[in-house]
Amino acid sequence: MFAFLSGGTGTPKLLRGFLAEYPAEDLAVVVKTAEDLWYGGNYLSPDIDTVIYLCAGLLDTDTWWGVRGDTFETHEALARFGDDYFITVGDRDRATHIARADMMRAGLTLTVATRGIAEAFGVKSSVLPMCDTPVSTMVRTSGGIMHFQEYWVIHRGSVPVLEVLRSVQEPPKASTEVIAALQGAEVVILGPSNPVTSILPILECEGVVDVLKTKPVIAISPFIGDRPVSGPAADLMRARQLEPSSAGVQGLYREFVDVFVQDIRDTTEVHGALRFDTLMVDEKKSRELAREVAGIAGTLT
Ligand code: GDP
């Protein structure tokens with residue numbers, strides 16, 4: 001059993017390779033929910049949806065969100081009602097959000113709702129939200145504090161970030177399902193997801209780091225040199241006083257990672273790191289990296 005800590009792009013690209021190479025039943029994915037929000041009356045859990053659609057073979061892998069070939073008629077019709085509908089949601093994707101919202105309004109936890117949705121899509125892997133209480137990543141800019149989705153979707157990450165904050169109703173606690181999945185895994189894999197907005201929120205859930213310290217853990221860097229492969233990871237690392245590089249990422253994971261992987265093109269030297277081609281530009285590349293990572297995993301167990 002392989003367990004993954006995942007956001008919505010970097011780790012899913014690696015997961016695509018594992019899904020092609022290994023039985024889906026042997027994969028458990030702990031997904032960050034720190035960018036979830038109630039939106040248009042429904043519950044949007046962007047990374048859970050990405051992972052479920054990927055596992056179901058439905059994901060739009062050009063964008064790494066939404067259902068391939070989806071239409072946007074409801075989104076376009078909502079535009080006349082103002083700026084509140086700033087996130088583009090496809091019609092079929094919205095159906096998932098409606099179903100999830102109904103389940104949650106009926107009192108189901110996000111973990112149980114996610115299981116129901118995954119089953120409805122025929123997903124065989126275990127897809128687990130990191131926790132069952134609300135956590136929101138917020139950023140402080142010179143214009144004030146805003147939700148990460150507002151920073152990324154409305155401002156397109158163009159405003160300087162002074163601080164990355166987490167807004168919580170109660171300290172997040174990993175669900176019993178998450179702890180069991182991590183404990184039951186032979187190896188835990190931190191894919192190349194954004195360290196500040198995807199991996200850290202999972203690590204901040206009570207119980208996660210304690211389990212990781214007892215398991216073989218492999219981490220893959222999302223940086224090549226001082227730049228991430230995509231997205232705002234460098235700005236957000238700086239805002240957390242972390243060096244935006246593989247060295248900064250390795251430092252963040254140091255207390256529990258056994259093997260750190262960086263890209264063959266990376267100019268930053270991380271002592272003891274293994275080097276592979278980590279640029280997963282297509283499924284073939286994802287599969288190759290998955291086989292390399294599984295090979296390392298075999299040496300750790
Ligand atoms: P988000 O939830 O959509 O922000 O996605 P993640 O946090 O899961 O992943 C974002 C990170 O993935 C970025 O920091 C990218 O640098 C990294 N990334 C995306 N594609 C690749 C890739 O092919 N290889 C590597 N090494 N990193 C990647």
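Below, all heavy atoms of this structure are taken into account, side chains as well, without hydrogens, waters or symmetry copies. This structure is a prediction, so every number in the text was calculated from the model and none was measured. In what follows, residues are counted from 1 in the order of the sequence shown. All ligand and atom numbering here is 1-based and tracks the order in the structure.
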message: I'd like to check the ring-ring contact (aromatic ring centres under 6.0 Å, His included) partners of Phe121; sequence neighbours left out, ordered by chain and number.
response: Tyr53
query: Can you check whether Phe260 reaches Val249 side chain to side chain, under 4.5 Å on heavy atoms?
result: yes
field: For the student: nearest non-hydrogen atoms of Glu255 and Val209, plus distance
entry: OE2-CG1, 3.8 Å
query: Any non-hydrogen atom of Ser221 lying under 4.0 Å from ligand 1?
result: yes
field: Nearest neighbour of atom 12 (O) of ligand 1 from the list Pro222, Pro192, Pro244, on a heavy-atom basis
entry: Pro192
message: Below 4.0 Å from ligand 1: does a non-hydrogen atom of Lys285 turn up there or not?
response: no
query: Is the closest heavy atom of Ser230 to ligand 1 under 4.0 Å?
result: yes
field: Distance from atom 20 (N) of ligand 1 to nearest protein heavy atom, with residue and atom
entry: Lys13 NZ, 2.9 Å
task: Check each of Ile199, Val229, Leu14 against atom 28 (C) of ligand 1 and report the one with the nearest heavy atom.
output: Val229
query: Short N/O distance, under 3.5 Å, between Ala233 and ligand 1?
result: no
query: Which of these, Thr88, Ile87, Asp47, Asp60, sits in a side chain to side chain contact (heavy atoms under 4.5 Å, CB included) with Trp65?
result: Thr88
message: Tell me the nearest of Pro232, Ser198, Ser193 to atom 8 (O) of ligand 1, using heavy-atom distances.
response: Ser193
- request: Quick one: sort the His75 and Phe72 rings into parallel, tilted or perpendicular, breaks at 30° and 60°.
  value: perpendicular
query: So which heavy atom on Ala28 is nearest to which on Ala181, and how close?
result: CB-CB, 4.1 Å
query: Has ligand 1 got any nitrogen or oxygen that is less than 3.5 angstrom from a nitrogen or oxygen of Glu35?
result: no
- prompt: In a check of side chain to side chain contact (heavy atoms under 4.5 Å, CB included) between Thr114 and each of Ile52, Leu128, Val31, Thr33, which one passes?
  reply: Ile52
message: Checking the N or O distance criterion of under 3.5 Å, is ligand 1 in contact with Ser6?
response: no
- prompt: Looking only at heavy atoms of Leu279, does any of them come nearer than 4.0 Å to an atom of ligand 1?
  reply: yes
field: Heavy-atom nearest neighbour in the protein, as seen from atom 22 (C) of ligand 1, with distance rounded to 0.1 Å
entry: Thr278 O, 3.5 Å
query: ligand 1 versus Asp47, non-hydrogen atoms closer than 4.0 Å: side chain, backbone, both, neither?
result: side chain
query: To which protein heavy atom is atom 23 (O) of ligand 1 closest, and what is the distance rounded to 0.1 Å?
result: Met280 N, 2.9 Å
- prompt: Parallel, tilted or perpendicular: which describes the rings of Phe148 and Trp152, with under 30° parallel and over 60° perpendicular?
  reply: parallel
field: Thr197 heavy atom under 4.0 Å from ligand 1
entry: no
